[in-house]
Amino acid sequence: MAEERSLNFLEEIIEKHLEEGKYQHIVTRFPPEPNGYLHIGHASSICLNFGLTKKYPGYTNLRFDDTNPVTEETEYVESIKNDVKWLGFEWKHELYASDYFDTLYEYAIKLINLGLAYVDDSTSEEMASLKGTPTEPGKPSKYRDRSIEENLDLFVRMKNGEFPDGARVLRAKIDMAHINMLMRDPIIYRIKHAHHHRTGDKWCIYPMYDFAHGQSDSIENVTHSICTLEFVPHRELYDWLIEKLEIYHSHQYEFARRNINYTVTSKRKLLQLVNENHVSGWDDPRMPTISGLRRRGYTPDSIRDFCERIGIAKRENMIDVSLLEFCIREHLNKIALRKMVVFDPIKVVITNYPEGEGELLSTENNPEDPSTGHRDLQFSREILIEKDDFMENPPKKYFRLSPGSKVRLKSAYIIQCDEVVKNEAGEVVELHCSYFANSKSGEDVSGIKVQGTLHWVNASSAIPVEVREYDRLFRVEDPTDEAGDFKEYLNPDSLKVVKGYAEPSIKHANAADRFQFLRKGYYCLDTESKEDALVFNRTVTLKDGWAKEQKKN
RNA sequence: UGCCCGAUAGUAUAAUGGUAGUACGACAGAUUUUGGUUCUGUUUGUCUUGGUUCGAAUCCAGGUCGGGCAACCA
């Protein structure tokens with residue numbers, strides 16, 4: 001029984017349209033510019049656009065808004081396609097605004113013939129000064145009243161490559177005194193002698209966003225063109241162009257982009273982090289990019305769940321990253337295979353366990369999913385436990401090992417700490433313990449009650465692994481809201497590389513596997529991992545109730 | 001100074017003139033061979049001032065606050 005979820009404002013609009021018969025089915029599109037990698041904010045838009053046509057009759061296209069050849073690359077196209085697929089969505093058509101360059105050019109000619117566009121020879125400085133300000137009207141350019149014939153001639157020559165970059169532009173002729181700055185004769189075509197990733201050198205004039213996006217929507221019969229709030233003022237121009245061109249009227253709807261604290265979601269800023277080597281690349285596991293999250297170990301399910309939970313609205317927002325972490329923990333708790341890995345080890349010698357002997361102990365692969373079965377762990381006289389799991393002078397409510405105390409070793413025996421061995425510097429280097437042979441997991445008849453259970457590995461068979469522990473990329477909630485450059489607020493401790501000692505079964509790890517290192521967190525193999533030098537990424541820690549308890553004091 | 005968008009617990013999001021809910025977080029407790037998971041409980045909210053109405057988070061008016069608008073970017 002599916003839970004009733006209330007409709008977001010877009011679903012309400014669509015249901016109304018469907019009920020009224022305005023549309024039989026809907027068409028949406030996800031329209032990235034291939035000038036960077038997709039991030040978690042885009043995931044929200046992807047889930048929205050594709051989710052809508054999963055819920056209602058219709059389909060969603062993937063359309064690349066590739067109208068600015070100087071910033072766009074095929075590498076980005078490929079990464080975007082890969083990310084959308086990975087998130088679990090299928091587009092109906094793979095489309096490019098550049099597919100419409102011929103049509104768009106014809107539309108421009110039409111506008112000129114209608115007396116609604118003109119070629120302007122002004123420099124960008126001149127145009128800016130004539131544009132006015134939000135409170136003062138602009139003034140007309142001296143080229144504004146050129147004849148249709150002259151405009152046609154100049155525009156064709158622009159297309160033919162007769163003029164250098166920036167020499168002339170084509171502008172829509174609307175109203176230089178318009179209250180909406182975007183309606184003050186916006187530039188619709190500019191000259192760029194640049195190689196385009198798809199059309200090559202065919203064109204040296206390229207349409208601006210406003211002259212490409214709405215028309216592309218129209219050509220594709222998009223019914224609901226969903227974008228973010230910063231495009232609200234563009235809607236007037238969007239509608240104006242469609243109406244003057246007398247083409248299919250698609251409609252634009254805006255929602256607030258999703259912001260997440262302790263990170264940035266702006267392709268421009270993410271590009272800077274990559275270019276200036278603050279991170280190792282677009283897929284650095286600390287990046288909020290889809291590829292970064294993927295490498296970090298996030299699952300598509302968890303990201304979709306997150307997007308659903310944060311919802312869609314029109315107000316400014318700053319989503320707490322703890323919700324993202326909740327979503328991935330919830331999913332990983334169900335699917336991750338449990339492993340025991342000791343990070344900062346201290347040796348434990350079980351003095352009453354026979355020397356040179358050992359045994360295999362069975363443990364569950366995932367207590368949340370019995371179908372994953374059990375595996376064997378090797379146990380012997382010498383094991384490794386976490387240094388943190390021993391304290392010589394423990395505080396109250398410390399459930400772990402301390403002189404004289406008893407703990408259970410997970411899936412093994414209860415041990416008692418008898419002796420603390422120190423070096424000359426007074427540091428604890430080894431613990432001597434005794435075990436209770438009748439306390440074996442599953443057949444415990446010792447009657448001993450312990451409060452703590454520790455993870456451990458067999459000293460002689462543990463294998464070393466590298467583990468990369470990630471923390472938030474920035475030290476402040478909103479780096480873009482702080483004084484100075486946002487990069488000053490990078491968290492210097494966002495990456496820590498540590499060594500761990502893992503149970504031998506870890507050798508069979510596959511790239512797709514998700515692990516829970518018991519009592520530590522969730523991990524996955526990094527792309528740089530090698531068979532003889534395993535590297536793990538920490539996706540997210542487990543919730544740590546003890547750390548919380550300690551913070552209180 | 002103009003125009004546009006918005007304002008509900010710490011965060012996000014519902015309630016569409018009729019009991020202000022849900023999730024995350026926080027806090028407390030129960031269970032637990034992971035201080036995990038699970039379960040239970042608690043806490044905190046309608047920006048403000050008026051108006052309409054039997055009744056307003058919702059409708060109206062004024063104000064306040066936040067965001068956006070002057071790229072040959074998208």
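Bear in mind the structure is a predicted one, so any value in this text is a computation, not a measurement.
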When you check every protein heavy atom under 4.0 Å of nucleotides 64-74 of chain B, what one-letter string (B, S, -) results, 5' to 3'? ---S-SB-BSB

Quiz item: A:R338 side-chain donor-acceptor pair to B:rU34 base, under 3.5 Å: yes

Is there a donor in the side chain of A:H178 and an acceptor in the side chain of A:R184, or the other way round, less than 3.5 Å apart? no

Should the side chain of A:R519 and the base of B:rU34 be counted as holding a donor-acceptor pair, with the cut-off at 3.5 Å? no

Check: A:Y501 ring centroid to A:F343 ring centroid under 6.0 Å: no

At under 4.0 Å, does any side-chain N or O of A:K548 touch on OP1 or OP2 of B:rA26? yes

Taking only side-chain N and O atoms of A:K314, does any of them lie within less than 4.0 angstrom of OP1 or OP2 on B:rA7? no

With a 4.0 Å cut-off on heavy atoms, is A:G442 in touch with a base, just the backbone sugar-phosphate, or nothing at all? base

Aromatic contact between A:Y206 and A:F101, with the criterion being ring centroids under 6.0 Å apart: yes or no? yes

Classify A:Q516 by what it touches in the nucleic acid, base, sugar-phosphate, or nothing, heavy-atom distance under 4.0 Å. base

Within the pair A:R400 and B:rU34, is there a side-chain N or O less than 4.0 Å away from OP1 or OP2? no

Can you see whether A:Y118 has A:R171 sitting over its ring - NZ or CZ less than 6.0 Å from the centre and within 45° of the normal? no

Taking the six-membered ring where the residue is Trp, are the ring centres of A:Y189 and A:F155 under 6.0 Å apart? yes

Touch class at under 4.0 angstrom, heavy-atom based, for A:Y398 against every strand present: base

With a 4.0 Å cutoff (strictly under), does any side-chain N or O of A:K520 reach OP1 or OP2 of B:rU34? no

